[in-house]
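Since the structure comes first, as structure tokens, the remarks are kept for the end.
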Amino acid sequence: MDDNAADPASHPSYDSIETNRAQQKASPFSKNTENQREGGDYHEYVDCEYVDAGTDSLQTFLHLVKGYIGPGCLALPWAFSILGIGWGIAAVLIVGALTSYNALVLVHLKNSECRSHRASYSDIGEAGYGLGFRSFVDVSVISIQLAVCTVFLTLVGENVSAVLLQYFEPEDGSFFYYVVSRRGVMTFVALPSALGLSAIPNLTILATATAIATVLLFLTFTIMGVIIALNWDVEATHVDHEFSEVILAVAAIMYSWEGDQLILPVETAMENPGRFQYVFLGAMTTVAVVFTLFATACSVSFGDVDNGSVTAFLMHHADAYSGAGLVYAANFAASLSILLTYPLQLFPATVITGQIVARRRAQQALPDKDVVVPPATRPYSGLEGDSFPLRACLVLSTYALAMWIPHVQEMISLAGAVSGAATSLIIPPLLQIRFAEMRAIRILSFTLLVIGVLFGIFGTLSAVEEIIENNAAGRSS
């Protein structure tokens with residue numbers, strides 16, 4: 001790890017921050033960090049309004065843990081079934097270490113290379129390589145968020161299909177069986193709700209739905225804990241898997257570690273950002289423990305999990321395990337939690353896409369591209385370039401992708417390999433290479449970059465190959 005990143009003393013003073021309007025209008029990019037954070041009590045301007053800002057260490061810890069522990073955990077038992085418990089734990093720890101190091105790199109670069117303490121991931125990219133690279137970062141962030149939303153829709157469709165098949169037990173070959181066994185059709189059931197929830201204009205109004213989703217998610221894990229305890233003495237079965245499936249499993253673990261978009265705003269909001277590194281490492285250790293315990297317990301109790309949603313897997317095999325009623329409850333809680341979380345995951349993509357739309361409109365309206373255009377009236381949500389048609393297009397794009405990919409585990413692996421590799425393994429070392437002065441740091445960053453590129457290439461090829469094969473098999477059956 002970069003010695004400067006690990007040493008809080010190397011950062012600008014975090015004891016106090018005073019951000020005035022003149023600083024906000026200035027360019028956020030400068031290697032001169034003397035003016036970065038200085039003077040006064042800790043506060044910031046948000047949308048030109050003075051607000052008190054400062055989360056303590058415990059609040060920051062909870063934000064990070066909740067941000068990382070989400071529906072992606074439901075795919076970990078499938079990954080462990082392929083890798084085995086030992087290699088599964090090793091993969092969780094290695095992927096977690098790589099992504100966590102790169103997350104701290106982003107925090108360090110934000111504080112050392114960007115003038116504004118509220119600089120975003122895209123701002124850091126622009127500071128490093130200019131507007132072209134900023135666009136690449138924007139596209140990568142939008143892609144990973146839309147991929148996450150696609151996985152959410154896929155998980156809901158998978159769980160609904162499993163519940164209907166188990167409850168009604170339709171005759172194989174009947175029209176009803178054909179309908180409910182098609183996850184794409186079942187995913188369509190969730191589409192109106194996803195569109196409706198995504199129409200909520202801002203995060204303040206969405207807070208209630210997010211809180212309910214959080215409660216339901218932890219209820220799901222509680223119910224799963226009971227189901228695991230009831231089936232702990234069941235003799236688990238394990239099968240061997242091909243190497244391409246191993247890559248898919250690691251990509252699914254990569255997806256579970258997605259949380260890059262959360263790091264910078266959480267660090268910015270801390271009352272004492274100098275402690276962020278220690279809080280972050282504690283939170284990531286907690287997340288790693290939760291991931292390994294949950295996946296290991298499921299692997300021991302349920303054996304070879306062949307579905308990217310462990311709750312859907314249990315629904316498909318309810319007769320083989322104790323606690324069938326609890327399985328129904330876990331599926332219901334998980335599906336509703338995922339659906340209510342969908343608009344929150346769509347929000348970053350909405351913000352960045354709206355900014356791109358607004359910027360292009362401004363460029364088309366003005367012959368002088370250097371003129372800064374004041375924000376237009378935005379009655380819908382207050383977000384630049386935002387509108388319901390824009391959000392609807394984003395939602396429909398996630399549904400179209402969910403329809404093309406036949407199984408949830410393949411969608412999760414593709415998301416982890418393509419978008420996850422870009423935002424978590426490729427862009428951070430690229431930026432560190434640009435700014436690092438020590439040769440050892442550049443060598444380390446280049447090594448991590450090569451690992452990220454190779455992982456992205458092989459993971460993407462394996463996921464796409466598996467998707468094409470399963471689509472061909474589905475058409476022939």
(message) Working note: Ser413 + Met254, criterion side chain to side chain contact (heavy atoms under 4.5 Å, CB included); need CA distance, chi angles, decisive distance, verdict.
(response) CA-CA 8 Å; Ser413 298; Met254 178 75 211; over 6 Å; no
(request) Identify whether the distance between the nearest side-chain nitrogen and carboxylate oxygen of Glu267 and Lys110 falls below 4.0 Å. (result) yes
(request) Return the minimal non-hydrogen interatomic distance between Leu155 and Gly308, and the atom names on each side. (result) CD2-O, 4.3 Å
(request) Could you tell me whether the side chain of Val310 reaches within less than 4.5 Å of the side chain of Phe294, counting heavy atoms only? (result) yes
(message) Can you give me the closest heavy-atom contact between Val92 and Ala288, atom names plus distance?
(response) CG1-O, 4.3 Å
(request) Rounded to the nearest 0.5 Å, what's the gap from CG on Leu396 to OG1 on Thr398? Could you check? (result) 7.5 Å
(message) Let me confirm one number: the CD1-CD distance from Ile124 to Glu113, rounded to the nearest 0.5 Å.
(response) 9.5 Å
(request) Return yes if some donor-acceptor pair links the side-chain N/O of Thr296 with the main-chain N/O of Thr292 below 3.5 Å, else return no. (result) yes
(message) Could you check whether any side-chain N or O of Ser100 sits under 3.5 Å from a backbone N or O of Ala97, counting only pairs where one atom can act as donor and the other as acceptor?
(response) no
(message) Minimum heavy-atom separation for Arg442 and Ala436, please, with both atom names.
(response) NH2-O, 2.7 Å
(request) Please tell me if the side chains of Ile142 and Ile356 come closer than 4.5 Å, counting only heavy atoms from C-beta onward. (result) yes
(message) To the nearest 0.5 Å, what is the distance between CG on Leu109 and CZ on Phe435?
(response) 6.5 Å
(request) State whether the side chain of Glu466 and the backbone N or O of Ala463 hold a donor-acceptor pair below 3.5 Å, judged by distance alone. (result) no
(request) Taking atom types as modelled, find out whether Ser140 and Tyr121 have a side-chain donor-acceptor pair closer than 3.5 angstrom. (result) no
(message) For Ala402, is there any backbone N or O sitting under 3.5 Å from a side-chain donor or acceptor partner on Thr154?
(response) no
(request) Would you please test Phe291 and Ile69 for side chain to side chain contact (heavy atoms under 4.5 Å, CB included) and show each step? (result) CA-CA 8 Å; Phe291 282 177; Ile69 299 178; 4.3 Å; yes
(message) Between Thr353 (side chain only) and Thr350 (backbone N and O only), is there a donor and an acceptor less than 3.5 Å apart?
(response) no
(message) Strictly distance-based, threshold 3.5 Å: is any side-chain N or O of Arg391 a donor or acceptor partner for the main-chain N or O of Asp386?
(response) no
(message) Strictly distance-based, threshold 3.5 Å: is any side-chain N or O of Tyr255 a donor or acceptor partner for the main-chain N or O of Ala75?
(response) no
(request) State, with a plain yes or no, whether a side-chain heavy atom of Phe276 is found less than 4.5 Å away from one of Val266. (result) yes
(request) List the atom of Pro428, the atom of Ala422, and the distance in Å for their closest heavy-atom pair. (result) CD-O, 4.3 Å
(message) Looking at Gln145 and Leu346, would you say the former's side chain and the latter's main chain have a donor-acceptor pair under 3.5 Å?
(response) no
(message) Checking the side chain of Tyr321 only, and the main-chain atoms of Phe302 only, is there a donor and an acceptor separated by less than 3.5 Å?
(response) yes
(request) Might you confirm whether atom CZ of Phe458 has over 12 heavy atoms from other residues, nucleotides or ligands at distances under 6.0 Å? (result) no
(request) Over all heavy atoms of both residues, which pair between Val65 and Val287 is shortest? Give the atoms and the distance, please. (result) CA-CG2, 4.2 Å
(request) Please tell me if the side chains of Leu431 and Val105 come closer than 4.5 Å, counting only heavy atoms from C-beta onward. (result) no
(message) Would the distance check show the side chain of Ser81 and the main-chain N or O of Gly303 forming a donor-acceptor pair, the cut-off being under 3.5 Å?
(response) yes
(message) Working to the nearest 0.5 angstrom, can you tell me the gap between Asp56 CG and Arg275 CZ?
(response) 10.5 Å
(request) Please name the pair of heavy atoms, one in Leu83 and one in Ala91, separated by the smallest distance, quoted to 0.1 Å. (result) CD1-CB, 4.0 Å
(request) Could you check if a side-chain atom of Phe455 sits within less than 4.5 angstrom of a side-chain atom of Leu425, using non-hydrogen atoms only? (result) yes
(request) Measure the shortest side-chain to side-chain distance between Trp78 and Ser309 over non-hydrogen atoms and say whether it is less than 4.5 angstrom. (result) no
(request) Please lay out, stage by stage, how Ile85 and Val300 fare under the test side chain to side chain contact (heavy atoms under 4.5 Å, CB included). (result) CA-CA 9 Å; Ile85 294 176; Val300 170; 3.7 Å; yes
(message) Quick check: do Ile441 and Ser445 have side-chain heavy atoms less than 4.5 Å from each other?
(response) yes
(message) More than 12 heavy atoms of other residues, nucleotides or ligands under 6.0 Å from CZ of Phe446: yes or no?
(response) no
(message) As a quick check of understanding, evaluate side chain to side chain contact (heavy atoms under 4.5 Å, CB included) for Asn159 and Phe332, giving each step before the final call.
(response) CA-CA 8 Å; Asn159 287 349; Phe332 175 79; over 6 Å; no
(message) Checking side-chain polar atoms at under 3.5 Å, does Ser120 have a donor or acceptor matched by the opposite partner on Asp123?
(response) yes
(request) Find the distance between CH2 (Trp257) and CG (Leu76) and round it off to the nearest 0.5 Å. (result) 10.0 Å
(message) To the nearest 0.5 Å, what is the distance between CG on Leu401 and CE on Met403?
(response) 11.5 Å
(message) What I'd like to find out is whether the side chain of Leu281 reaches to under 4.5 Å of the side chain of Gln277, using heavy atoms alone.
(response) yes
